[in-house]
Asks: 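Here it is, the structure in full.
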Amino acid sequence: MTEALPERLDRFMGRANAAYYANHDPFGDFTTAPEISQMFGELIGAWAAVAWALMGRPDRIILAEAGPGRGSLMADARRVTARVAPDFHAAAQVHFIETSPRLRTEQAKRVPDAAWHDDLSNLPDGPLILIGNEFLDALPIRQFRVQDGQWAERHVAGSDFVEISCPPQSGLPVDEADEQGYLERNEPAEDFVTSLARRLAAHGGVGLLIDYGSAQNPGDSLQAIRSRRMAPALEQAGEADLTALVDFGAVARAAQRGGASIQGPVTQGAFLNALGLMPRAVKLAAGRPETEAAAVLGAARRLAEPAAMGRLFKAIAVTPHGFPPLPGLAA
Ligand code: SAH
């Protein structure tokens with residue numbers, strides 16, 4: 001028997017997730033905020049309308065979403081803007097950045113007038129509002145371990161980790177390593193944010209990124225979710241969703257490298273509460289049968305309460321320098 005050659009963790013994760021998203025309905029395995037409640041997309045739609053007004057109400061605006069999943073967030077946002085912000089609604093053209101053909105089909109059912117792209121660089125020029133919910137956490141990470149000044153990078157061989165020594169990595173904050181000495185780097189996330197920042201600085205607009213994450217390097221945070229439970233990360237590649245915490249410090253530095261500013265990060269709970277989640281929930285629940293009303297209020301709590309999604313998930317905006325304060329992002 002020949003032993004499998006070690007593969008760098010990010011290459012393994014990229015391959016595993018591409019297979020996973022191509023062949024599965026991920027929403028059987030995990031639930032995201034827009035799938036918990038329509039209120040999430042509605043509030044982000046209203047947020048986008050305010051962002052557009054702060055941009056000076058351009059006649060045409062690219063309303064893009066990266067990794068839109070089932071398309072629920074955008075469908076909920078569009079339904080609200082048609083009613084409460086008709087000028088913004090008419091100015092907005094929806095563009096989706098999505099690599100999974102299977103999910104593109106799902107998205108087309110809910111937002112038939114969208115245009116699809118593989119990558120941020122394929123979006124047309126012009127002012128942009130870009131939303132990304134749980135997009136960065138699915139992108140492949142590298143992991144390093146620093147012990148006594150010696151660096152090693154984690155690889156995967158079969159279903160085991162192996163560590164291969166490597167030169168010190170500049171730009172990674174060693175003082176943020178976890179107790180075992182691990183540090184993570186999400187290069188595609190950093191590249192995405194830097195490209196977004198360059199584009200916003202050149203053409204105007206804002207980006208809103210919401211993800212589960214930490215203020216600084218998370219150390220070792222790789223996890224696999226299958227059937228709503230934690231699963232082993234390295235076994236049965238392509239059968240579970242592999243994610244890692246997003247390092248919001250790294251996101252902020254990536255935005256600044258691209259010539260943009262940031263607002264936030266703030267917790268998802270603070271963000272949604274500032275946008276009026278609870279009054280919206282009460283209004284939506286009013287007049288419904290008791291169990292339905294309770295479900296609406298329960299969903300709002302799940303999104304915003306610290307012990308549920310409210311604290312672990314965070315929101316950050318990327319803007320051109322000098323952009324006025326956006327709703328919900330004041331720390
Ligand atoms: N935003 C959605 C889905 C999150 S799951 C929600 O909140 O429900 C991650 C999404 O990102 C999926 O739609 C997946 O197909 C997409 N995705 C993953 N990697 C991608 C990549 N490199 N480029 C574009 N889309 C990607």
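Remember, it's 1-based here, ligands and their atoms both numbered in the order they're listed. For the numbers below, each heavy atom of this structure counts, side chains included, while hydrogens, waters and symmetry mates do not.
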Asks: By side chain to side chain contact (heavy atoms under 4.5 Å, CB included), which residues pair with A114, not counting sequence neighbours?
Replies: V94, F96, V111, W116

Asks: Could you please provide the protein residues found below 4.0 Å of ligand 1 on a heavy-atom basis, arranged by chain and number?
Replies: Y21, F27, T32, P34, E65, G67, P68, G69, I97, E98, T99, S100, L103, N133, E134, F135, L139

Asks: Out of R83, R78, R79, K283, which one pairs with E42 under the salt bridge (charged side-chain N to carboxylate O under 4.0 Å, His left out) rule?
Replies: R79

Asks: Would the distance check show the side chain of Q268 and the main-chain N or O of L303 forming a donor-acceptor pair, the cut-off being under 3.5 Å?
Replies: yes

Asks: Please check this pair: side chain of Q263 against backbone of L326, looking for a donor-acceptor N/O pair closer than 3.5 Å.
Replies: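 Checked: pair present.
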
Asks: Within the side chain of W151, is there an N or O that forms a donor-acceptor pair under 3.5 Å with the backbone of Q169?
Replies: no

Asks: Just by modelled atom types, is the Y20 backbone N or O under 3.5 Å from a matching donor or acceptor in the N17 side chain?
Replies: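 No, the answer is negative, given that no donor and acceptor are paired below the 3.5 Å cut-off.
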
